[in-house]
Amino acid sequence: MHFEEIKQTADRYLMPTYAHFPVALAEGHNATYLDSEGKEYIDFTAGIGVNVFGVNDEGWKNAVKAQLDKVQHTSNLYYTEPVAKAAKLLCEKSGFDRVLFCNSGAEANECAIKLARKYSFDRYGEGRYKIVSLVNSFHGRTIATITATGQEHYHEFFTPFLEGFAYADAGDTQELDKMLDKSVCAVIMEIIQGEGGVLETSKAYIEAARKFCDERDILLIFDEVQTGVGRTGKLFAWETVGVKPDILTTAKGIGGGLPMGACLCTEKCGETLTPGTHGTTFGGNPVACAGAVEILNRIDDAFLQSVREKGDYIREKVAQFPGVKAVRGKGLMIGIDLTDKKAGAVATRCCEAGLLILTAKEALRMLPPLTITYPEIDQGLSVLEKVLAE
């Protein structure tokens, strides 16, 4: 199908929930795509942080194909080798004790919310169910996770929302201290607010939250859907601040392109969810888990060091570009503030010129494949520099 036929067909039958760029991606390798008309693009998006090994990675493909030749799905009523291997690898490499596999970041956060509420109910009974999240956060698009999201514009249209959520200003430790009363069972936060503009939560605030939670037997949840699986140059971003949560959620990169999420916890609440209290038909799918095993086996210290070095290289280059006010982030999660141009307009123009790049509120956002090569980086940055100079 040519582009216009693809576009017309999609526009006719899809619900209009996304404002598509006028491109139909057809094939590619690593961080380089070709569209349906044969035009080349450098990818600074990784499918919004999903394709950590880029497009068409041989090792990941072979792992997935090998499992497809055996069995594509059973259910969680039965054991499979890929889910056992993925669970062991993820827990051992992350430092957590138990995991529940699901299909997305929103589902992982739903699991975390239920886990926190049941942990508190089991110990203190009814009335201790409130979840405190941060203003400007993003935790998903289900009714529960959109309620947990601390951005007002996400709270339109879908009322009534769930009760039991409150929002704290990141950085205000006195406010957080006052909010964590006997009605609260958990605090959820992002180490770096991705959709909120690639904004880092301060180490001091995170440390204070950990202290308050420890004092009151409140669970601390880190949403690492976007920052996890090597994105920041560590396997998980909590390692960059040295504060470990009780519950950690992740998705995106763990599946490498297949739908997959995970909710991990320490032994403190490892026995909380029991048969019948939570479940998922597709979570722990053996094909997705086979791909996750390949990803986790390959993300070692040398790989993570390369992610940090590439991120430093990009930030140093971009800081010198015309129209750039500030560059921030960790590893290959990068936010760029512009002096006068609108991020959305720049992203559109970059796409026309052969670079796929994201936005986050008023900032440009880069989430390239972790395997992106330096020639691909330079080609993409060349496009960005020219667009910013126009």
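Everything numeric here is computed off the predicted structure, so don't read it as measured data.
Val135 and Ile191 fall into different hydrophobic clusters, where Ile, Leu, Val, Met, Phe, Trp and Tyr side chains are chained together by heavy-atom contacts under 4.5 Å. Phe212 and Ile188 sit in two unconnected hydrophobic clusters of ILVMFWY residues. Membership requires side-chain heavy atoms under 4.5 Å apart, directly or through other members.
For Asp69, the CG atom counts as densely surrounded, since its 6.0 Å shell holds more than 12 non-hydrogen atoms of other residues, nucleotides or ligands. Other residues, nucleotides and ligands place no more than 12 heavy atoms under 6.0 Å from the CD atom of Gln174. Heavy atoms from other residues, nucleotides or ligands lying under 6.0 Å from NE2 of His29 number 12 at most.
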Under 3.5 Å, which donor-acceptor pairs do the side chains of residues 1-16 form with other protein atoms, sequence neighbours left out?
unit_1	atom_1	unit_2	atom_2	d
Lys7	NZ	Asp11	OD2	2.9
Thr9	OG1	Glu5	O	2.8

Output side-chain donor-acceptor pairs under 3.5 Å for residues 380-390, partner residues at least two apart or in another chain, one line each.
unit_1	atom_1	unit_2	atom_2	d
Glu390	OE1	Arg349	NE	3.1
Glu390	OE2	Arg349	NE	3.3
Glu390	OE2	Arg349	NH2	3.1

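Side-chain heavy-atom separations under 4.5 angstrom define the hydrophobic clusters, and Leu199 shares its cluster with no other residue. Alongside Leu25, the hydrophobic cluster contains Val23, Tyr33, Tyr41, Val55, Leu356 (criterion: ILVMFWY side chains under 4.5 Å). Hydrophobic cluster of Tyr78: the remaining members, joined at side-chain heavy-atom separations below 4.5 Å, are Leu77, listed by chain and number.
Under the side-chain hydrogen bond (donor to acceptor under 3.5 Å, both in side chains) criterion, Arg308 pairs with Gln305, sequence neighbours left out. Listed by chain and number, the residues in a salt bridge (charged side-chain N to carboxylate O under 4.0 Å, His left out) with Lys88 are Glu92 (sequence neighbours excluded). With sequence neighbours left out, Thr359 forms a side-chain contact (heavy atoms from CB on, under 4.5 Å) with Ala343, Ala347, Leu364. A search for side-chain contact (heavy atoms from CB on, under 4.5 Å) contacts involving Glu152 returns nothing, not counting sequence neighbours. In this view, Ala144 and Glu110, Ile113, Thr142, Leu162 satisfy the side-chain contact (heavy atoms from CB on, under 4.5 Å) rule, not counting sequence neighbours. With sequence neighbours left out, Asp177 forms a salt bridge (charged side-chain N to carboxylate O under 4.0 Å, His left out) with Arg216.
Between Glu207 and Arg210 no salt bridge is recorded (no basic side-chain N to carboxylate O distance below 4.0 Å). Ionic pairing of Lys93 and Asp300 is not present here: no N-O contact between side-chain nitrogen and carboxylate oxygen is shorter than 4.0 angstrom.
Proximity of Ile221 to Val187: side-chain heavy atoms (C-beta onward) are nowhere separated by under 4.5 Å.
When all heavy atoms are compared, the tightest approach of Ala262 to Val99 is CB-CG2, 3.8 Å.
Atoms OH and OG, on Tyr167 and Ser133 in that order, are 5.5 Å from each other to the nearest 0.5 Å.
Outside the 6.0 Å centre-distance limit, the rings of Phe121 and Tyr129 are not counted as a close aromatic pair. Ring pair Tyr154/Phe138: centre-to-centre distance below 6.0 Å.
By the 30° and 60° cut-offs, the orientation of the rings of Phe161 relative to His155 is tilted.
For residues 190-199, the salt bridge (charged side-chain N to carboxylate O under 4.0 Å, His left out) pairs, not counting sequence neighbours, are Glu195-Arg365.
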Step by step, work out the salt bridge (Lys or Arg N to Asp or Glu O under 4.0 Å) result for Asp57 and Arg298.
CA-CA 12 Å; Asp57 179 81; Arg298 284 167 55 187; 2.7 Å; yes
